[in-house]
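Read the structure below first, then the notes.
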Amino acid sequence: MKKQMKYFLLSFIIILLSTPLGYAAINIVYNNRNLTGEYTPILNGFIHSFMLIGVLIFCIGLIEVLINRDNKL
């Protein structure tokens, strides 16, 4: 059960921190570039990609729970 809890906690942390991670990723990737019209769509893309990563990690933890439950039966 410890392994699944690590996945669940990591996924919730990534989802909660997706907005600051998105801002940081834009500052790293697009350093010293003028993004006047494209800043918001690019930011939304980064935020949604981090949220998707969090959801996928949560699904991995859920699959681990289901596999372990089937093995105990």
message: Please report the interatomic distance CG(N71) to CZ(R69), rounded to the nearest 0.5 Å.
response: 11.0 Å
query: What about I28 and L21, same hydrophobic cluster or not, with Ile/Leu/Val/Met/Phe/Trp/Tyr joined at side-chain heavy-atom distances under 4.5 Å?
result: no
Any side-chain heavy-atom pair of L17 and F50 under 4.5 Å: no
query: Do Y30 and Y39 make the cut of ring centroids closer than 6.0 angstrom?
result: no
field: Minimum-distance pair of heavy atoms, taken over all atoms of I26 and L35
entry: CG2-CD1, 4.3 Å
message: Quick check: closest heavy atoms across G54 and S11, and the distance to 0.1 Å?
response: O-CB, 3.1 Å
Where I53 and I14 come nearest, the two heavy atoms and their spacing: CG2-CD1, 4.4 Å
hydrophobic_cluster_shared for V65 and I57, side chain cutoff 4.5 Å: no
- request: Can you see which heavy atom on I15 is nearest to which on M51, and at what distance?
  value: CG1-O, 4.1 Å
message: Using ring centroids (six-membered ring only for Trp), state whether Y7 and F58 fall under 6.0 Å.
response: no
- line: CG of L43 to CD of E38, rounded to nearest 0.5 Å, is 13.0 Å
query: Any chain of hydrophobic side-chain contacts (each under 4.5 Å) joining I60 to I13?
result: yes
